[in-house]
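Source: prediction; values computed, not measured. When reading the values below, keep in mind they use all heavy atoms of this one structure, side chains included, and skip hydrogens, waters and symmetry mates. We count ligands from 1, going down the list as the structure has it; atoms in each ligand are counted the same way.
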Amino acid sequence: MDLPGTLEKRDGEYYLGGCKLEELTREYGTPLLVMDEETIRRNARYYLDNLKQYYPQSNVYYASKAFLNMGICRIMEEEGMGLDVVSGGELYTALSAGFPADRIIMHGNNKSRRDIIQAIRSGIRAIVVDNDDELDRIEKIGKAMGSIIPVMLRVVPALEAVTHPHLQTGMGSKFGFKMHQGQARKAMRKLSRSEVMKPVGLHCHLGSQITDADIYLEAAEEVLLLAAEFKQLWDEGFALNLGGGFAVAHNEEEESFGFDSFLPEISQKVISLSRELNLPLPTLEFEPGRSIMATAGVTLYTLGARKEVDGLGTFVPVDGGMSDNIRPALYEAKYNAFVVNKEAEKRALETVTIAGRLCESGDNLINEIELPRIKAGDLLAVTCTGAYTYPMASNYNGLPRPAVVLVGNGQASTLIKGESYEDILQRNEIPAHLQKDEDQYLAL
Ligand code: LLP
């Protein structure tokens with residue numbers, strides 16, 4: 001199982017990034033998402049350094065949908081990462097943090113005109129075009145704005161990754177130009193006639209939480225064959241972006257993606273095939289999201305009162321749930337956890353289900369986990385929660401979104417403030433005809 005690198009136990013107390021977990025909850029409350037800066041940086045460097053070693057002409061874009069805020073943008077910029085954004089909102093966050101536009105690419109299967117204009121204005125490195133309509137829209141907007149727009153095509157090889165169906169983005173998904181249906185070739189032809197779009201590469205993303213490296217090799221081959229049909233477009237070189245999707249082990253049963261053995265293989269494949277096809281050597285690009293953030297995060301909860309349910313065992317609720325981590329309910333994601341309190345260790349082990357506090361029977365965070373006998377008020381740390389938890393959080397049941405803190409070298413700093421009830425109401429308005437007119441009572 002992948003745990004944050006700096007998680008350690010000193011005198012029976014747990015520390016992350018040199019910060020005592022129990023103390024963090026006293027300062028910030030629970031639920032609390034704690035992100036370990038060193039793990040984030042180490043994961044980012046792992047990609048950047050290893051890739052450079054096997055394939056120097058390469059780029060890595062952090063898939064910011066996994067966890068995005070201005071502080072994370074700064075870390076990614078410092079590490080030399082690019083960013084993949086998927087909407088005007090994510091682009092706005094990145095630019096607000098001062099992230100260099102020419103290191104950003106924009107995805108999305110239904111970009112609005114506004115997204116496109118914002119992307120062009122800010123001068124991002126490329127728009128990754130998803131469909132035919134979008135090609136037309138960008139052409140029109142580009143002409144009106146008098147801009148030359150670097151684009152990549154999102155193509156979909158005839159492959160389907162083995163992963164949760166919600167995480168597949170292959171030939172049976174809503175994304176991209178399907179290669180087996182001839183859509184990709186048609187789009188390439190259209191692109192070659194464009195007056196304003198400059199093709200800078202081909203992109204494919206097979207899905208998320210993938211363990212099978214071979215499917216990337218197959219995808220690379222399909223996409224390079226397509227690139228070779230349109231050699232005339234690549235006079236200034238091109239990028240082969242194979243997306244993200246590298247699996248993380250959230251628990252003992254899961255396997256993480258073997259990037260170590262994959263890198264030499266994919267590099268070799270791209271080099272030899274490009275030679276064979278007489279193509280310029282492409283810039284090789286990846287877009288990892290989960291594998292950079294997941295292991296860096298730990299969510300701390302305060303436990304509530306246990307309840308025995310006939311035939312189902314013992315349920316112990318936390319003070320959060322699907323509002324701060326919807327992944328168990330949505331993808332049957334399985335997490336691991338440990339009890340933070342020092343004295344808990346002495347207690348006998350038992351098997352319990354960790355429930356959320358939301359009014360949904362499906363709101364269980366962890367089904368059947370063995371833990372020391374837990375009591376109301378104990379602190380629970382759920383591990384590997386750094387990716388796709390906060391960005392998918394909600395105020396369901398009126399729960400404020402938790403604070404997110406970044407820890408490192410014994411210091412904790414806020415990445416995202418915890419919400420208050422006032423924050424939840426901030427965008428509420430009472431229509432005029434529904435307002436209470438206090439003055440009506442004055443005449444009584
Ligand atoms: N590139 C593209 C175009 C993507 O759509 C994604 C993820 C990535 C890269 C990054 O994939 P990663 O390395 O993180 O697997 N909410 C789901 C995950 C959805 C992933 C969507 N696309 C979850 O919680 O598991």
Whether His164 lies under 4.0 Å from ligand 1, heavy atom: no

Parallel, tilted or perpendicular, as decided by the 30° and 60° cut-offs, for the rings of Tyr390 and Phe67: perpendicular

Where at least one partner belongs to residues 180-223, residue pairs that pass ring pair (Phe, Tyr, Trp, His ring centres under 6.0 Å), sequence neighbours excluded: His107-His203, Tyr216-Phe246, Tyr216-Phe257, Tyr216-Phe262

Nearest neighbour in protein (non-hydrogen) for atom 8 (C) of ligand 1: His205 CE1, 3.3 Å

Arg290, any N or O under 3.5 Å of ligand 1 N or O: yes

Close approach, His166 and ligand 1, non-hydrogen under 4.0 angstrom: no

Salt bridge flag under 4.0 Å for residues Lys417 and Asp423: no

Heavy-atom check, side chain of Cys204 versus side chain of Asn241, under 4.5 Å: no

Ring-face cation of Arg103 near Phe99 (centre distance under 6.0 Å, axis angle within 45°): yes

Heavy-atom nearest neighbour in the protein, as seen from atom 1 (N) of ligand 1, with distance rounded to 0.1 Å: Glu287 OE1, 2.5 Å

Heavy atom of Pro288, distance to ligand 1 below 4.0 Å: yes

Nearest-neighbour protein heavy atom for atom 24 (O) of ligand 1, which is reported as residue plus atom name and distance: Arg327 NE, 2.5 Å

Candidate list Lys52, Arg125, Glu285, Glu287, test side-chain hydrogen bond (donor to acceptor under 3.5 Å, both in side chains), partner Asn59, passing option: Glu285

Distance from atom 22 (N) of ligand 1 to nearest protein heavy atom, with residue and atom: Lys65 CD, 3.6 Å

Atom 20 (C) of ligand 1 [closest protein heavy-atom partner, distance rounded to 0.1 Å]: Tyr388 OH, 3.5 Å

Check: Tyr331 N/O within less than 3.5 Å of ligand 1 N/O: yes

Atom 12 (P) of ligand 1 - nearest protein heavy atom and its distance: Gly245 N, 3.4 Å

Top protein contact for atom 15 (O) of ligand 1, by heavy-atom distance: Ser208 OG, 2.4 Å

